[in-house]
Enquirer: 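Take a look at this one; I'll ask things after.
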There are 2 protein chains.
Amino acid sequence: MKIYLAGPEVFLSNAREVLDRKIDLTRRYGFVPVSPGDLEVPATDAKRAKGLAISSINERLMMSADMIIANLTPFRGVAADVGTAFELGFMCARGCPAYAFSNVLGDHYARVSCLHDGRIEPDAHGRPRGPDGLAVEDFDMVDNLMLDGGIEARGGMVITREVAPAELYTDHQAFEECLRQAAAKFLL
Amino acid sequence: MKIYLAGPEVFLSNAREVLDRKIDLTRRYGFVPVSPGDLEVPATDAKRAKGLAISSINERLMMSADMIIANLTPFRGVAADVGTAFELGFMCARGCPAYAFSNVLGDHYARVSCLHDGRIEPDAHGRPRGPDGLAVEDFDMVDNLMLDGGIEARGGMVITREVAPAELYTDHQAFEECLRQAAAKFLL
């Protein structure tokens with residue numbers, strides 16, 4: 001079984017090293033890793049053409065995979081990386097088992113509450129809202145309900161851990177727990 | 001042709017009014033609108049069960065649609081709403097035409113640069129990085145390359161406009177341009 005390894009690790013300065021470690025761990029649990037960066041990006045003239053080429057490669061890699069493990073650790077704000085969210089939706093639509101992890105324990109509600117210094121109040125219908133008037137999802141979920149819901153509907157789960165801030169994108173224990181759970185379900 | 005209307009408008013205090021306006025505009029361009037909130041959420045005991053029920057309904061609505069128009073206007077930070085990104089990926093995997101809009105003109109690179117007060121520097125390989133060491137995509141794209149790439153690969157486009165701050169999620173002109181483009185391509 002091939003697992004697509006989605007996550008913002010591609011943006012790290014030591015991305016190659018971190019991706020290689022995830023690839024190695026995936027093999028160790030009996031799966032075939034499919035990782036962004038597995039295929040070479042063709043030379044292109046314009047910036048945009050290069051971005052499109054990478055997107056096309058990643059889509060092809062996803063189409064070759066049977067499962068996804070998505071890193072939903074918050075990225076540049078309160079939510080997961082949107083590229084990872086796109087890929088999770090993509091694999092869910094293909095009917096693939098989906099697992100995810102986050103190296104932050106606090107759920108979506110806690111993070112948005114923190115963003116607003118705790119100023120979340122119920123509106124007239126009892127729906128929690130921030131000072132900007134936007135509703136705050138309060139569903140005991142790690143991120144937006146489409147992400148948690150898509151994973152659960154495909155028999156997967158989201159593993160969360162609190163790690164040292166410096167290891168936010170490089171601690172692999174929650175990722176490894178996803179591999180362990182997937183192996184127990186699909187390989188034993 | 002049925003269009004799924006994805007976006008963070010569901011979080012607005014006047015969500016019903018804004019969604020109804022989008023539904024009305026979609027019909028006016030000759031399409032059948034499919035909108036979050038079209039189906040009633042069954043009563044549930046626990047918070048999480050309710051979130052799962054909404055996710056399941058939205059997935060069903062997407063499965064009934066032939067196309068997506070996604071609102072990628074930045075939400076609680078520099079990037080699009082992750083729920084919308086998930087849905088865009090979902091519809092792209094189904095091979096559906098995808099359009100999107102943003103009511104902010106600045107592209108992904110400009111927004112992340114602004115987040116870091118302009119402190120983006122090329123690394124040894126010429127790749128732009130913020131002070132946090134994370135690479136910043138510089139591909140002349142509205143958001144993460146998977147989103148822009150997925151849309152372009154399915155023949156769609158991203159329309160951007162600058163609107164008054166108070167109209168960030170309620171100005172429908174860019175959305176309407178998506179409808180116009182889609183109608184010209186699929187209905188004429």
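Computed over heavy atoms, backbone and side chain alike; hydrogens, waters and symmetry mates excluded. Residue numbering restarts at 1 for every chain, and letters A, B, ... go by the order of the sequence lines.
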Enquirer: For B:R94 versus A:A93, what's the shortest heavy-atom pair and its separation?
Expert: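 The answer is CG-CB, 4.1 Å.
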Enquirer: With a 4.5 angstrom heavy-atom cut-off, which part of B:V10 approaches chain A: side chain, backbone, both or neither?
Expert: backbone
Enquirer: Any Lys/Arg nitrogen of B:K47 or A:E137 sitting under 4.0 Å from an Asp/Glu carboxylate oxygen of the other?
Expert: no
Enquirer: Flag the one option from B:V112, B:V78, B:D132, B:V136 with the top tally of heavy-atom pairs under 4.5 Å to chain A.
Expert: B:V112
Enquirer: Give me the atom names and distance for the closest heavy-atom approach of A:D140 to B:R48.
Expert: O-NH1, 3.2 Å
Enquirer: B:L134 and A:R76: side-chain contact (heavy atoms from CB on, under 4.5 Å), yes or no, with the steps?
Expert: CA-CA 10 Å; B:L134 295 172; A:R76 287 188 183 129; 3.8 Å; yes
Enquirer: Quick one: does B:D81's side chain get under 4.5 Å of A:N144's, heavy atoms only?
Expert: yes
Enquirer: Given heavy-atom pairs under 4.5 angstrom as the criterion, report whether the side chain, backbone, both or neither of A:L88 touches chain B.
Expert: both
Enquirer: Looking at CZ of B:R127 and CZ of A:F11, how far apart are the two atoms once the value is rounded to the nearest 0.5 Å?
Expert: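 So the gap between those two atoms works out to 7.0 Å.
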Enquirer: Taking every non-hydrogen pair under 4.5 Å, which of A:G77, A:A153, A:A79, A:C92 racks up the most with chain B?
Expert: A:C92
Enquirer: Is A:F90 reachable from B:I69 through a run of hydrophobic residues whose side-chain heavy atoms are each under 4.5 Å from the next?
Expert: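 No, separate clusters.
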Enquirer: Grouping I, L, V, M, F, W and Y whenever their side-chain heavy atoms are under 4.5 Å apart, do A:M63 and A:V32 come out in a common cluster?
Expert: no
Enquirer: Is it the case that over 12 heavy atoms from other parts of the model lie below 6.0 angstrom from the NZ atom of B:K22?
Expert: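 Yes, enclosed.
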Enquirer: Below 4.5 Å from any heavy atom of chain B, which atoms of A:M62 appear? Answer side chain, backbone, both or neither.
Expert: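 Contact with chain B involves the side chain of A:M62 alone.
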Enquirer: Give a yes or no on whether A:Y4 and B:L147 share a hydrophobic cluster (residues Ile, Leu, Val, Met, Phe, Trp, Tyr; joining criterion: side-chain heavy atoms under 4.5 Å apart).
Expert: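 In one cluster with A:Y4: B:L147, yes.
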Enquirer: Could I get the full list of side-chain contact (heavy atoms from CB on, under 4.5 Å) partners for A:P122, not counting sequence neighbours?
Expert: none
Enquirer: Under a 4.5 Å side-chain heavy-atom rule over Ile, Leu, Val, Met, Phe, Trp and Tyr, are B:F186 and B:I68 clustered together?
Expert: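 No, because B:F186 and B:I68 fall into different hydrophobic clusters, even though each may have its own neighbours under 4.5 Å.
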Enquirer: Can you tell me how far apart CZ (A:F86) and CD1 (B:I151) are? Round to the nearest 0.5 Å.
Expert: 7.5 Å
Enquirer: Does a side-chain heavy-atom distance below 4.5 Å link B:L52 with A:M141?
Expert: yes
Enquirer: Most heavy-atom pairs under 4.5 angstrom with chain B, which of A:D123, A:L72, A:I54?
Expert: A:I54
Enquirer: Relative to chain B, which of A:D138, A:L115, A:N58 shows the most heavy atom pairs under 4.5 Å?
Expert: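 Option with the top pair count is A:D138.
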Enquirer: Quick check on the hydrophobic clustering: are B:I23 and B:F31 connected, directly or via other members, by side-chain heavy-atom contacts under 4.5 Å?
Expert: yes
Enquirer: Among A:S56, A:A15, A:A85, which has the most heavy-atom pairs under 4.5 Å with chain B?
Expert: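 Among the listed options, the one with the most contacts to chain B is A:A85.
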Enquirer: Most heavy-atom pairs under 4.5 angstrom with chain B, which of A:P8, A:G51, A:A49, A:G149?
Expert: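 Heavy-atom pair counts peak at A:G51.
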